[in-house]
Amino acid sequence: MDVELLIGIFPQVLLDGIILGFMYALIALGYTMVYGVLEFINFAHSEIFIFGAFVGVEVLLGLKSIGLLDGLPWPLVLVLVLVAGMAASGLLAVTVERVAYRPLRGAPRLIPLISAIGISFFLQDLIRLVESLWRNAFNLVYPTMDVLNLRFELSETIDVSVKSLVVIGGALLMLWALHLIVNRTKVGTAIRAVAEDQAAASLMGIDVNRIISLTFLIGGAMGGAAGVLFGVQYGLINPYSGFIPGLKAFTAAVLGGIGNIPGAMVGGLVLGLLEAFAAAYLSLLTGGAFGAEYKDILAFSILILILIFRPKGLLGEVVRERA
Amino acid sequence: MIRSPIALALVGLSALAVATFPRSVLVFLFFQGSLLYVFKARMPEPLRWGLLAVSLLVLMPTIGYFNSYYLEVATQVGIFVALALGLNIVVGLAGLLDLGYVAFFAVGAYSWAIFGSPHANIIFGGESFPLAGWWFYVFLFVGLGTAAITGILLGLPVLRLHGDYLAIVTLGFGEVIRVLANNLDKPINLTNGPKGITPILRPPTPFGIPYGEFFYFLALLIVVAVIVVNRRLEDSHIGRAWEAIREDELAARAMGVSLVRMKLMAFACGASFAGVMGVLFSAKQVFINPESFTFLESIGVLAMVILGGMGSIPGAIVGATVVTVLNLQVLKGFSLWLNELKNAGVTILGFSLADLPTQFEPAKYERMVFGIILVLMMIFRPQGIFPARRRQRELAH
Amino acid sequence: MIRHRGYLVLALVAILAVALLPAANLDAQGKGTIKIATQSPLSGGQAALGEGIKLGAQLAVEKFKGTLEKQGFKVELVPFDDQAKPDVGVANAKNIIADKDILTVIGHLNSGVAIPSSEVYKEVSLAMISPANTNPVVTDRGYPNVNRVCGRDDVQGVVGSEFAHATMKAKSVYIVHDKTPYGQGVAEFFKADAEKKGIKILGFEGTEEKSNFDPIVTPMKAKNPDVIYFGGIYDQAAPFFKQSREKGVKGKFFGPDGMDSSDLTKIAGKAVVGMYYTSAAGPASELPRAKAFVEEFKKKFGKNPEPYAAEAYDAATIALKGIEAAAKGGKMPSREDVATAVRKTKLPNGITGDIEFDGKGDRKKALYFVLQVASDDPGKWGNNKIVKQLAIAAPAAPVAPKK
């Protein structure tokens, strides 16, 4: 075993893990917020995430075709794309809630879950349909912005690209903004109130329906931001690439404690790091017997283990008190 | 009763029509529609079963002679009916939402695939595999057993989970099985990874009938057996225990129902049906690979159960038939028809169909169809088309 | 009971509504229609190549159907989309064999799809002519109805390794493959020959990943190989190469004919300019008889032919010639007769050269090229330079073919 090699790649793997972790954290927020107020897993959140990525790529391609992509300063372009993705995803989330979940509010838990699965499938193919008709292709490539690929050498073995910094920076910004909203604004307090006790909140004069819609909007926007960052980081998206990250992000949310917002952030980071390390080191450590492909089931195995041994997650669940 | 002559007429006419126009999808759908009518309309029971028996045992194979693809469709319907009935036990009767059901199907399929093909030689060395063809019949039971054991293994860790969590974990389990199947080509090559296993041996057929007909009848036989077992279970104390668990676990426990045993039994029973069909599937296809066992398939079977009606046997049968036919015939037929129009240069409102990108083809939107079915059913008719009686009262708005 | 009746009526009405669609289906069984089917991925990441196959075949059918039409047959091309998935290919294959008018299949693009699908074709002795399947197993099974117009990976892998050693002067190589019979197959042939030549194999990894290659790129970068060989297809290779370059990987990129598509540069851009790849299909502009073909193709379809379009054109031409030979006497030939005739057909002036099949269905003399990517403009893919060109016969099968 080449110990020097194992140590040598450590910083890069750490960086990869942090980026992946932040992305999972952003997506996990959507799951956890919705579960907090409705005790319902929004299965379609993975598609809301990838929808943001698609809106982002369309904006970029649109800018490119009118020649503005290289003309405008790149931070402006990135902000534009992020905002577009967030807005689109947020709105999609709100629409889905109105159309497919609200009519099922009182029904037994199984029903809205199945409806959510249906919406997830529907959205996957809807995005494919639209892109097929619009661009005759649905595997879309994020246009390269050369400035993002500049690399800084921090030391002999570590180098960081501008792109990684942008992705991490963007994620941190989103998380901080969410923290502010949830903890320092009236709206945030209302969301937390509805999450804790819907009946009492409505008695206190909170319009529960509106707050629920708002929760979907914010959660969806976080997912959309994650989508854009995903597209920027990995460059290639298709309508089905939301499914697996969505599932893993849900695992992260459970890992941190479902309904618990800081928990989702912690869970996302932990899962991202674990996955990056497993993927990079598994093959090297086992001499090629088990390779990086097993990283996907790592998340599920973790999920099963948590649910058996620590069902409340790392930071504890935040769900309604049952009478 | 005028329904009896109508039924006779429909079946007879549609069969003749298929014989005359073997390539027409619409006519075949007409035939299937008439079978549905016979299934559900009010008529003397002997006539109903007689017509169904004649249709399935005589007419269908004859149709298969004119167009072998229809026999293939019918066999696939049979396979999915058994799967739907199996899932029906887990989801419909016992109320355990299993989103990874296809894993049991995969286990059954791979069990015959490995030993019924030269692949086992790679694992065990030597030249003794594949086993002789008749081992297939033995493996029908082996597949049943392995799948049941897998079902119990899945059931054990999830005993204490409910609703949403149970669903996600079973989904994860289904994915784990698929990823394992995809990657167990090293260090020991168990499944040959994404390249799949081929060629898989087919058994010698009784009376030397051709394989198309053989698999059709075998599937039919298995389906009948599954229905019988299902009926018996439903009416037994096991079935009632399951329904008690589904309605209220705490109350069931208080009434002395052993949750652990009953849940595990539900998983094992449901899984075993999938296992048997898996063995049949691999012998029929001659080639299997992990792509036949994805989440899409699990959701497909779930859609069948939901569409037909959770907990109801006729519902599962109808749901499976409708969804399979939708996928294999209606969507594909629509695609082919669209293609013919494109070739002929047809235009709609000045827009030439030939310009329609090839990325757009109805057959590829099976997911969308599943999704729409699930959402619409949940909003408008959560109890399904042919709901079980108890469910009807509970879920109907 | 009323509720159930309602559903029945609904179902019947729905069926009838669908029945209002024009009865194009009803006349499909006409005596005297000859159909040639194509199976290739028409959607998904490899659609560009799959489309090329379909269009190439279409061009040939339209050009050469005259002889058969004079005998009173209608000749049609029926394209199928196998989505590069073995399952879909097999399902389509079953549909194809049920349509008795289809006498030949031109397909597939992916060997992993062709191998199981050909098991279905074999059941009815339906001739299959492949424009692009390079895995040796396709013909090594010795099926009399399976043929190919392209080369084989056991030769292609060796050609690649030769070039890496002699021209690229590689001392070390890191191999990644896509776990399909094609990608893994050609990677293994490359590896075996590279080892023989003393090139150090720093890694041999398989992956199905389509977007996030970080976990593979990181260890690879640390090992710093001279050459990185990706056994697979451009839709996976392109993001892999792109991400590798972006992460600072310095080695040279190399790949088999799966790289051969303008979409490689469309996705990866500058990262792949200057890289080499081997191919069993030469760029249409450089083949001797290709200029006319390229012109015709452009005129009819409005774009340059993708790789394998020319092969599909030749394959379809051979199919038609085989059917003509089998249809002596103006009768609709049987599938066995067509298969036998196809195996015996010679095409001396094919776009891709002189074509003749050997006892297994391989080309007696197949062409192999090494090309270099010239520019990051996908429109200029046809300008890729041929760096080396060889004509090699197919190796004999190592074992007697099993039934």
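The structure displayed is predicted, hence computed values, not measured ones. So you know, we letter chains A, B, ... as the sequences are listed, proteins then strands, and number each from 1.
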Inset, instruction - Could you look at B:Ala303 and say if it's the side chain, the backbone, both or neither that has a heavy atom under 4.5 Å from chain A? - result: neither

Inset, instruction - Check whether A:Phe309 gets within reach of chain B through its side chain, its backbone, both or neither, counting any heavy atom under 4.5 Å. - result: neither

Legend entry - chain B contact via A:Val99 - which portion, at a heavy-atom distance below 4.5 Å: backbone

Inset, instruction - Output the option from B:Val158, B:Leu302, B:Leu171 having the highest count of non-hydrogen pairs under 4.5 Å with chain A. - result: B:Leu171

Inset, instruction - Give the member of B:Ile168, B:Leu376, B:Leu97 that has the highest number of heavy-atom pairs under 4.5 Å with chain A. - result: B:Ile168

Inset, instruction - Counting only heavy atoms closer than 4.5 Å, note whether A:Leu123 contacts chain B via side chain, backbone, both or neither. - result: neither

Inset, instruction - For residues B:Pro290 and B:Asn182, report the shortest heavy-atom separation together with the two atoms involved. - result: CG-OD1, 3.5 Å

Legend entry - Distance-only donor-acceptor check, side chains B:Tyr110 and B:Asn192, under 3.5 Å: no

Inset, instruction - Side chain from CB out, backbone as N, CA, C, O: work out which of these in B:Ile373 comes under 4.5 Å of a heavy atom of chain A, or both, or neither. - result: neither

Inset, instruction - Take the angle between the ring planes of B:Phe104 and B:Tyr101 and call it parallel below 30°, perpendicular above 60°, tilted in between. - result: perpendicular

Inset, instruction - Examine whether an atom of B:Ile306 lies under 4.5 Å from a heavy atom of chain A, and if so say whether it belongs to the side chain, the backbone or both; otherwise answer neither. - result: side chain

Legend entry - Contact class of A:Leu113 relative to chain B, heavy atoms under 4.5 angstrom: side chain

Legend entry - Pick from B:Ile299, B:Val179, B:Ile372 with the largest number of heavy-atom pairs that fall under 4.5 Å of chain A: B:Ile299

Legend entry - Parallel, tilted or perpendicular: rings of A:Phe216 and A:Tyr101 (30°, 60°): tilted

Legend entry - Ring centers of A:Phe230, A:Phe49 separated by less than 6.0 Å: yes

Legend entry - Side chains of A:Leu247 and A:Phe300 in contact at under 4.5 Å (non-hydrogen atoms): yes

Inset, instruction - Look only at the side chain of A:Thr215 and the backbone of A:Met33, and say whether a donor-acceptor pair between them is shorter than 3.5 Å. - result: no

